[in-house]
S.K.: 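Got a structure for you, questions after.
Letters go in sequence order (proteins before strands), and every chain restarts at 1. Computed from a prediction, not measured in an experiment: that's the story for all the values here.
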Amino acid sequence: MSASPLLEVRDLRTHFFTRAGVVKAVEGVSFSLEKGEILGLVGESGSGKSVTGFSLIGLVDPPGRIASGSIKFEGRELVGLPPAEMRALRGKRIAMVFQDPAATLNPVLSIGQQMTLAVQAHGRASDAAARDLAARTLTRVGIPDAAARLDAYPHEFSGGMRQRVAIATALLHGPDLIIADEPTTALDVSIQAQILAEMKSLAKETGTALVWISHDLATVSSLADRVLVMYAGRIVEAGAVGETLRAPRHPYTRGLLDSLPAMARPGEKLNQIPGTTPSLLSLPPGCPFAPRCPRADAVCATDPPDVVTASRLVRCHHPLEAA
Amino acid sequence: MRAFWREYRENWIAVVALAVVVVIVLAALLAPWITPQNPYDLASLDLMDARKPPGFVGSEGYVHWLGTDAQGRDLLSAIIHGLRISLQMGIAAGLFAMTIGATLGILSAHAGGWVEAAIMRVVDLQLSFPAILLALVLVAVLGQGKSQLVIALVAAQYAYFARTAYGAATAERQKDYVEAAHATPLPGWRIVLRHILPNCLPPLIVVGTVQVANAIALEATLSFLGLGLPPTEPSLGMLIANGFQYMMSGRTWISVYPGIALIVLIVAINIVGDQIRDQFNPRLRR
Amino acid sequence: QTLTMGVRAGPESIDPHFTATGTHSEALKHIFDTLTHSGPQLQIEPGLAESWRPIDATTWEFKLRRGVKFHDGSDMTAEDVVASIRRMQTLSGPNPTRIYVRRITDVRIVDPHTLHIITGGPSPTLPNDFIRLFVVSARATAGLTPEASNEAFNSGRAAIGTGPYRFVSWTPREQFIVDRFEGHWSGRPAWARHVRREIPNDANRVAQLRTGQVDMIVRVPAADVATLERDRTLSVVKADTVYVFNFQFDFRENTPQVTARDGSRLAANPYRDPRVREAIDLAIDRRALAEIAMEGMGTPQGQMVTPNIFGFNPALPIPTPNLARARQLLTEAGFPNGFRMVLNFSNDRLPGDRGVGTAMAQMLARIGIEVQAAGQPAAVIFPARARGELSNIMAGWGTLTGEASYTYSSNAHTNNPTLRLGAFNWHGYSNPEMDRLIQASEFELDDAKRRELLQQIGALFNRERVSLPLASVGSAWAMRRDRVSMPSGRADEETYAWDVTPATR
Amino acid sequence: MLGFIIQRLLQAGLVMLAMSALVFIGVYAIGNPIDVLISPDATQDIRAAAIKSMGLDLPLWQQYLAFLGRLLSGDFGRSFVFGTPVIDLVLARLPATLELALASVLIGAFIGIPLGIYAGYKPESPIARGIMAVSVLGFSVPTFWVGLILILFFAVHLDWLPAGNRGPTAEFLGVQWSFLTKEGLTFLILPALNLSLFKLAMMIRLARAGTREVMLTDTVKFARAAGLSEMTILRRHVLRLISIPLVTVFGLEFGSTLAFAVVTETIFSWPGVGKLIIESITSLDRPVMVAYLVLVAFLFVTINLVVDLSYALLDPRLRRGGRGA
Amino acid sequence: MNQILVAEGVTKRFSPSLSLGDRIAGVLGAHVDKRAVHAVTDVSLSVTAGETLGLVGESGCGKSTLGRMLAGIMPPTEGRVLVSGTAPMRGRHKATTRIQTVFQDPFASLNPRMRIGDSIAEGPVTHGLTSRADAPRMVADWLARVGLDPAFAARFPHQFSGGQRQRVAIARALAMQPDVLVCDEPVASLDVSIQAQILNLFLDLRRDLGLTCLFISHDLSVVRHVSDRVAIMYLGRIVEAGSAAKVYASPRHPYTQGLLDSVPKLRLSIDDVADFKPIAGELPSPLSPPSGCAFHPRCPKATALCRAERPALTAREDGTLVACHHA
Ligand SMILES: Nc1ncnc2c1ncn2[C@@H]1O[C@H](COP(=O)(O)OP(=O)(O)OP(=O)(O)O)[C@@H](O)[C@H]1O
Ligand SMILES: Nc1ncnc2c1ncn2[C@@H]1O[C@H](COP(=O)(O)OP(=O)(O)OP(=O)(O)O)[C@@H](O)[C@H]1O
Ligand SMILES: [Mg+2]
Ligand SMILES: [Mg+2]
Ligand code: NI
């Protein structure tokens, strides 16, 4: 159908050059994303989900930078793009929503002012036109009486409302890709459900592709089309959501699922993954999951696993059997 | 500690500043042994040597590298001894102010209620009043002398420590580990001493370095206004003030060299303080 | 033409009777005349009074100048003088001018230009007091309450004098402006306008002269005299003043600030021992003080009054230092290792006081006395002295009346409030012989005899070493050569517009 | 909000009360003003009369109560030295100081904030390090010292600017201001510069610290993600976010500038209240000292109030209900 | 039954502390906001020995506040708390050691400047539960028990990961030999894999020590997993309480129903419908709780009665307590 995917990431490596050493936060991540597709990115804290997201939009904090790899957006290489051109893409073609709406919105500017600035960041627009666009977009994300609320300040909104404002800001220019970095983690379940419902329908309506970052397998499973599981900066398993979660082939994915209390009988011991996530500063040469892996053997400790491609990607020497 | 030093080392300016501070402190400590003259021993001074330019060979037979002041004191010796006194005053004032301020601040943060209200109102009241005026009035009241000056400086500065300690302690007080201590339960004094106090120290140390520098500068200003130390035992500020009257007549060395010494000292302390502050600031860590 | 002068301090009101401060009367002499004037060397000269003579032991006759006009055009008469004396007797401020008329018990108007002034006792120095008897207009000040008088004068309403300049404006601690009064009896003043700008900071005063913001400045700091003299665009005038730095001892039985070297108390106040006082005297090198500590802006002195003062004793020598003898005297007095003392001095009152104080500390250290120099602002040290907290003080004393009895009676007579003598004797010196001589001189109307008495007092004062006169303070004026010139400076440092003339080029 | 203002006014009253008491006791402890003021040869009765006329014969607490009583009717008493109402004396000189303080604070703000933001934006750049070095210097060098150097260099040596005093003034709102005349402005430059040095350093440091922290927040990241240019982010987001601490310090500094004006005014013979207070201290003119300190305390409290109220303008979170709620 | 932890009509209101100025302004007639935060209102509950009671609810509903009052860290405004039959607080200070707490944030709940061994030993030594000499052994014991190397006692908290710290925090609480343990969201900030470890540890310890426990969490599945009984809180009140199995299987209160529906389910096949059924609206402000049933503005079943009258928490036939007119 389409010649090239919307987004094509090849062997992305993003490293932080810190005092203590080089933190390889993202190490050889590859994936692609079609128009209108929702991609879930799951993994535990520190696995490199956010850094992957920021790499896509060109906002890796110093001392980090993209060490190598390629990010092609509609066939155009983003790695090494001049800052001005990257800026022109941000917000217009690629937008991002963050985890904590309380921290992302500027508390001292009204919603209208902030959104107007975002509108005017891409081409001239009169204040009135910008406000009008802002109000319409707010209405779309389910904020009633949007025009009047433009003059309100973030603190006058609840957490859920603030996240809607952030989403509306991302939607202003009708981007082709939205990167959502745990946008519901800070919210209550009842509000989270509202936002999830809205995001799903918005994505469907506008055909915007979505990278949905989350540590919650359940959320991703009910929203995304495809899922990438990250561990220690690497993608360890990727595939269609239902298939992958029903029959995970990487021991880590299996372990994650087994850790969920919902998967066990109440009061019974959970099938836990032993140990803790490794420090990204000094990863073992082989499979980073090997020290915690019940199936690991000597090979795992020394050789990085190859990618086993069947219907999906699994980075493991000893993948679990397909169901 | 080692990590701290490793990080510190990255800023060479701060390293130089630290070296300067160390050298100055050493020079101040060793002043009686390294200076050619004891400027406080009046009998060793000769009025005939007064106001001689740098390089002059005085009646004692050695070279006055930085010249002499109006009393025939060798300026180099006077500056080193002046540094000693200025540092003494600054550190003494800083330490006392820190002890008093930290005690008050942490106490009021812990006690809460009217104790907190009373102490912090007084502190606020004092903070809302210029330190220099307070010191001015106090020095005028207490009279001349090192201890009086230290009292005035402490009175002018403790409030900053109290505020900082209070701020830090109220922030700490809300943290879970303090609540955990209360929940154990541990006695109040133990919570204050073992839990809150150690965690309030970093900001206090930062304020401390800056306040030491401030105390030195404040003392210099008071000296300039005629309310400083006795002229025969001059601090740097006093040396500057004494030489001030010769600025117009071109005998600038009398005031300029002590001035440079003072500036170098204060700048160095401030840079060190800045660096420590930056390093203590977790948000700027990487 | 305007004469802008940078001065150290200005008036404190426009009411000349408000306070007896020197800078106050200095400024207001431009607006108001006094009955007698004091000349450049402080000799008494006719002012509004043309002549005066004692009629009997307690009566002085003053003849007033005729044809003197107030700034409002009215004539000055004996009425105005009487009104002025009455004001001075009733006004009570922080530093009341009543001291100048305190001896007057009655004033009689003989005719509009003749006055008889009755005093409580023989008052030979009355005409000296009258250099501060400012004559204000009786009409303009009629009905002024003490509260309202400052406002009335400051607004200019009551500021009607007979002086060579008329009042224009005054801002406290800032500047004082007067304009030429064409009808002055002595002729037309040279300057159309005279501005006295207060610049207390020495360095700033010099800076403003150099930038040309002022035409001339008074009290050039000693440190800058040589530099300014070298400047071809400026000229510097120097003069000796009547201020004499002297070192006063505490004569009380116990004195607070002297201890043994180890800090323990001494059995007696060592200053009471004449040998100790002599030792200290011999330790001091007055030439070094004048030449080095004061940078040449001082003259060594051996007595409390300067040579131009009535009562100066030319026979008294200036002591020369003798360290060996001084140490020997200390040993004889029982202090072979010296003792420890605080040396107090003011550090902001007179030029050079700080330098002289610290230099003295050095000199005393050389004979084995451990000295702790304590220079403090006058505001701190004078009240402390008044409370009796000091064991000594090095400060300046100015015989501003031009006459030595003022100095000796204040300093050396036993403190006696009823006789109004010894007002300045905080240190407890008391000597019947001294008291007798001073009282005799106080009431002696015959000038020659009085001079004789005063010289005797001076000799006794020095023999007793009541205090040690060190050096007189020199004063310097600096001015822009292209604008003004001043032939000489006054011994009391006062600077008037009429002593300054526009530069002739 | 009203409650907040009332609270502040109560505090203000307290501050001023404490201040006046402190000064009363302080001056009393220094010594009897009469010893400084009166000529030493005044007789006992003249002395006694003078003491009485200034009310110094009463016990201290009575003097203080009498003072408070008069204060309630707005009367600060009369200066011992000038014999005129103190309040006139102080008010007449206040504009000069206000003008000086304001000028220096403005210099500090308009130069310091942009420099500080730059230094915080690019903390590692050599220019930023240079700015910080200069700021540490400005922070450390004693005011009086710089003042004299300024005079020596700009007035005496280069002869560009006057060395001291206040120049010609023009009237505005019934008060004389020197910044309104061109020549008057030249008189203002050096002292204002001298006084502003400290504020300048302060502003730089604060702006830098604020910017550094703000730049790391998600707010800035989010703005960047929306495609805003760095300039817009700095001008619209960062400046607003760091403005609150800046305004606090701006206000407080304005107050302490009034106090530090003591030194600058002394050096530059600037006829403001600072010079007045130093002169009053040396002559123990207690009414002036009390009035000045009470006035400074009052100004401080007012400024703090204004600062707190302006928070509400800058920080919408505080707008409703003020602090208490 | 042995009711070890009892709350009777416990209420907590946080009144704004009005300044003198505010009060004067109030007297002068200005509008002064005197509304109190109704954090917990009239809560009664009891926990039997050996039982775990789960407390669930959304953020701000008063879980922690209730937990604090039960743990004796915060005095209730009204009502009474009994721990092992005695009030846990004397005046404003905690008196009992019979109840201990584990806090949410393992990074904040340990003193960063104290070695963890000292942190654990401090309480028991202060209260004489262990002698000073015995302390190291006791510490080593507990460290081993929570699955840590006893040699770690000399380390500082920053040398540990979040999960390890939470183990230390648990050890610290248990070292006081409490009758009751209050766990305030002990796993909320942990990753799933670590969360599973801690939950397993908790289950083990509970079994071995026969712990009585109040387990607070906003995560419904966690509470389900560890609790014998659960209580659902909404806006400071308990709206439903009962055996965990029953409440989860057949929630009675519309809020409980909505909450359970809101939780995303793990969708294991493409055929699973992933429909979200969120509760409409948002949590009202605890400053001015709605009249009647606090849930009525969001409740699909609300009637005029719900707006007017607050439903009491009443026991239903199966023993579940529900506060709803229509359940
Ligand atoms: N500014 C930075 N400097 C140094 N290291 C960083 C920085 N930002 C991220 N990292 C490191 O990169 C790694 C990946 O971080 P990232 O934020 O992508 O994790 P995440 O998967 O988003 O985790 P979370 O669920 O906690 O958000 C972490 O080990 C982190 O320590
Ligand atoms: N010390 C306090 N002062 C004032 N209000 C408080 C205080 N502590 C809590 N509150 C308020 O009481 C209410 C209940 O707070 P609580 O912390 O008990 O909620 P929670 O259920 O534990 O929420 P979370 O899940 O976010 O921890 C909240 O509205 C909160 O703002
Ligand atoms: Mg993340
Ligand atoms: Mg909570
Ligand atoms: Ni969660």
S.K.: With the threshold set at 4.0 Å, does a side-chain nitrogen-carboxylate oxygen contact exist between E237(A) and R249(A)?
M.R.: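 Looking at E237(A) and R249(A), the cut-off is not met.
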S.K.: What residues of residues 203-210 of chain E sit under 4.5 Å from chain A when you count only heavy atoms?
M.R.: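 Heavy-atom contacts from residues 203-210 of chain E to chain A are L203(E), D204(E).
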S.K.: What's the verdict on side-chain contact (heavy atoms from CB on, under 4.5 Å) for V187(E) and Q166(E), showing C-alpha distance, side-chain angles and the deciding distance?
M.R.: CA-CA 8 Å; V187(E) 293; Q166(E) 203 58 295; 5.9 Å; no
S.K.: Considering only heavy atoms and a distance below 4.5 Å, find which of S259(A), G46(A), G255(A) pairs most often with chain E.
M.R.: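 Most pairs with chain E among the choices: S259(A).
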S.K.: Name the region of M161(A), side chain, backbone, both or neither, that has any atom closer than 4.5 Å to a heavy atom of chain E.
M.R.: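 Answer is both: backbone and side chain atoms of M161(A) are under 4.5 Å from chain E.
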S.K.: At a heavy-atom distance under 4.5 Å, which candidate from V192(E), T52(E), D191(E) has the highest pair count against chain A?
M.R.: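 Looking at each option in turn, the highest pair count goes to D191(E).
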S.K.: Using a heavy-atom distance cut-off of less than 4.5 Å, which residues of residues 245-256 of chain E contact chain A?
M.R.: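 Near chain A, by residue number: none.
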S.K.: Heavy-atom cut-off 4.5 Å, strictly under: side chain, backbone, both or neither for S161(E) against chain A?
M.R.: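 Answer is side chain: those atoms of S161(E) sit under 4.5 Å from chain A.
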S.K.: So what's closer than 4.5 Å to chain E heavy atoms on A186(A): side chain, backbone, both or neither?
M.R.: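 No part of it gets close to chain E.
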S.K.: Verify the distance criterion only: is there a donor paired with an acceptor across the side chains of E185(E) and H218(E) at less than 3.5 Å?
M.R.: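 Looking only at side-chain atoms, H218(E) and E185(E) do form a donor-acceptor pair, the distance falling under 3.5 Å.
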S.K.: Relative to F152(E), does R155(E) satisfy both conditions: NZ or CZ under 6.0 angstrom from the six-membered ring centre, and within 45 degrees of the ring's axis?
M.R.: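 Yes, cation above the ring, under 6.0 Å and within 45°.
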S.K.: Out of A262(A), S45(A), P266(A), G160(A), return the one with the most heavy atom pairs under 4.5 angstrom to chain E.
M.R.: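 Highest number of heavy-atom pairs under 4.5 Å: P266(A).
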S.K.: Heavy-atom distance under 4.5 Å to chain A: side chain of A244(E), backbone, both or neither?
M.R.: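 When you check distances to chain A, no heavy atom of A244(E) falls under 4.5 Å.
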S.K.: Ring of F157(A), cation from R149(A) - is the NZ or CZ under 6.0 Å from the centre and inside 45° of the axis?
M.R.: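 Here R149(A) passes the 6.0 Å and 45° test against F157(A).
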S.K.: Under a 4.0 Å N-O cut-off, is there an ion pair linking E198(A) with R164(A)?
M.R.: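 Counted as a salt bridge, because a side-chain N and a carboxylate O are separated by less than 4.0 Å.
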S.K.: Identify which part of L199(E) has an atom lying under 4.5 Å from any heavy atom of chain A, answering side chain, backbone, both or neither.
M.R.: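 Side chain only.
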